[in-house]
2 protein chains.
Amino acid sequence: MLSTQLDATFSALADPTRRAILARLALGEASVMELAAPFAMSQPAISKHLKVLEKAGLVSRGRDAQRRPVKALAEPLAEATKWMETYRETLEMNFSRLDDLLEELKAEDAAKTARKTPKGETQ
Amino acid sequence: MLSTQLDATFSALADPTRRAILARLALGEASVMELAAPFAMSQPAISKHLKVLEKAGLVSRGRDAQRRPVKALAEPLAEATKWMETYRETLEMNFSRLDDLLEELKAEDAAKTARKTPKGETQ
DNA sequence: GATGTATATAACATTTTAGTTATAGAACTT
DNA sequence: AAGTTCTATAACTAAAATGTTATATACATC
């Protein structure tokens, strides 16, 4: 669980162009030109984005004559998803502990109030 | 579902120092000094990381005398998690369709072979 | 073999990011 | 009120990211 892998995955996902590319690739392989078409951006720019995605392991490249078809890979997402899930679980645990604490404090306070308030009286 | 929110979330998570800060905060509120302690990094550097996290909505700041306690917030994660889940689901759907296609091709091929092979013969 | 098409790379400019030190301000302590 | 503690900001530097244009390369086709 190298930190650098997570860095690469989250960095790759942090760019809207790259997320759009991945969204497109989720529907199936595509060539660089096909991927570049929807964007107001040069082909070399897209090639660079693809290099980022490839370094992060989010895509792999094939070979079909002059084309280098790009294919999405699912694996690297697992680690990133896991990090986020673990984080959220810890957060939630902490919140529920906080809730418990608040409950405790409330109960304690009620007890004190009860002690201060003579038997049978209400407040 | 502004793209810029996702950008901010993923960018924030792309840095190991910020992930460590969040991991620490998942256990409960902390002051800037407490957060800075484990890192070989100046206090202003940590303050900058906190500003990034705050802009992404991943933390909120409180006030306790000179301290500005930092608290983790869960909400922004939802969108990011959703993006990743949707992406993975689409990917998997596509893979299973590919599997179907391969099955089809195999069946087709088997049928052809059968036609080429006279009745009763095996190959 | 000349031409076209798909992609990668080089060289460059601009912006953003991540860190530094120095300093300022606000609130506590004595 | 003087000093200490906590945090933020300013000014700066260095490196990385994102885009550009021009060019090279590899294959396909005429």
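Reminder, nothing fancy here: chain letters follow the sequence lines and each chain counts from 1. Below, each value reflects all heavy atoms present in this structure, side chains not excepted, and no hydrogens, waters or symmetry copies.
Less than 4.0 Å separates DNA chain C from no heavy atom of any residue of residues 50-62 of chain B.
Judged purely by atom type and a 3.5 angstrom limit, Glu92(B) has no side-chain atom pairing as donor or acceptor with the backbone of Glu89(B). Distance alone, capped at 3.5 Å, places no donor-acceptor pair between the Arg63(B) side chain and the Arg68(B) backbone.
Considering CG of Leu22(A) and OH of Tyr87(B), their distance stands at 4.0 Å, rounded to 0.5 Å.
When the nearest nucleotides of DNA chain D are assigned to Lys48(B) and Arg63(A) by heavy-atom distance, the more 5′-ward of the two goes with Lys48(B). Mapping Ser47(B) and Thr17(A) onto DNA chain D via the closest heavy atom, the residue that lands nearer the 5' end is Ser47(B).
At dG19(D), one or more side-chain N or O atoms of His49(A) fall inside 4.0 Å of OP1 or OP2 (strictly under the cut-off). Residue Arg68(B) places at least one side-chain N or O closer than 4.0 Å to OP1 or OP2 of dA8(D). Between Arg18(A) and dT18(D), a side-chain N or O to OP1/OP2 separation shorter than 4.0 Å is present. Residue Ser31(A) has no polar side-chain atom (N or O) positioned under 4.0 Å from OP1 or OP2 of dA6(C).
With dT7(D), dT21(D), dA27(C) as the choices, the nucleotide that has an atom nearest any side-chain atom of Gln66(B) turns out to be dA27(C). Residue Pro44(A) places its side chain closer to dT21(D) than to any other of dT21(D), dT7(D), dA22(C).
One N or O donor and one acceptor, one from the side chain of Gln43(B) and one from the base of dA8(D), sit under 3.5 Å apart.
Separating the CE atom of Met41(A) from the C1' atom of dT20(D) is a distance of 11 Å, rounded to the nearest angstrom. The nearest whole Å value for the distance from the CG atom in Asp7(B) to the P atom in dA17(D) is 16 Å. Atoms CZ (Phe10(A)) and P (dT17(C)) sit 17 Å apart, rounded to a whole Å. Taking atom CG on Asp64(A) and atom P on dA28(D), their separation rounds to 9 Å, with Å as the unit. Atom C1' of nucleotide dT7(D) and atom CD of Glu29(B) are separated by 16 Å, given to the nearest angstrom. Rounded to whole Å, atom P of dT17(C) lies 15 Å from atom CG of Leu13(B). For the pair Ile46(A) CD1 and dG19(D) C1', the computed distance is 11 Å after rounding to whole Å. Phe39(B) has its CZ atom 10 Å from the P atom of dG19(C), to the nearest Å.
Residues Pro38(B) and Glu34(B) come closest through the heavy atom pair CD-O, 3.5 Å.
Two residues are said to be in side-chain contact when any heavy atoms from C-beta on lie closer than 4.5 Å; Arg24(B) and Val70(B) fail this criterion.
The side-chain contact (heavy atoms from CB on, under 4.5 Å) with Pro76(A) is formed by just one residue from the set Val59(A), Thr81(A), Leu58(A); it is Leu58(A).
Linking ILVMFWY side-chain heavy atoms closer than 4.5 Å, directly or via other members, places Val52(A) and Val32(A) in two distinct hydrophobic clusters.
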